Amino acid sequence: MAWVLLALGLVMLVEGLAYVLAPSLIERVLEVLRTLPESARRQFGALVLVTGLICIWLAFFIGL
């Protein structure tokens, strides 16, 4: 359970930093995402998902 809370906290930290440091950039990114077709958004989501899984695997492989 502690790992879940740690992961959730880290995600919230990164998301919060993005909104604090560059709110106008977030708006532009969201605008670009709105113009993309749904299939491209799904592919981007799958890419982020796989990248996240690789990061988690690497963290455990290194010895976290």
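Bear in mind that the values here come from a model prediction, so they are computed numbers and not experimental data.
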Quiz item: Do you reckon Leu17 sits in the same ILVMFWY cluster as Val11, going by side-chain contacts under 4.5 Å, direct or chained?
Solution: no
Practice problem: To the nearest 0.5 angstrom, please state how far the CG atom of Leu36 sits from the CD atom of Gln43. | Solution: 10.0 Å
Quiz item: In Å and rounded to the nearest 0.5 Å, what is the CG to OG1 distance from Leu33 to Thr35?
Solution: 7.5 Å
Practice problem: Using side chain to side chain donor-acceptor pair (under 3.5 Å) as the criterion, list what pairs up with Glu38, not counting sequence neighbours. | Solution: Arg42
Quiz item: Among all residues two or more places apart in sequence or in another chain, which pass the side chain to side chain donor-acceptor pair (under 3.5 Å) test with Arg28?
Solution: none
Exercise. With rounding to the nearest 0.5 Å, note down the distance linking CE in Met12 to CG in Leu5.
Key: 10.5 Å
Quiz item: Rounded to the nearest 0.5 Å, what separation is found between the CH2 atom of Trp3 and the CG atom of Leu8?
Solution: 15.0 Å
Quiz prompt | Nearest-0.5 Å distance that lies between atom OG1 in Thr51 and atom CD1 in Ile56 | solution = 11.0 Å
Quiz prompt | Separation of Ile62 CD1 from Leu58 CG (nearest 0.5 Å) | solution = 5.5 Å
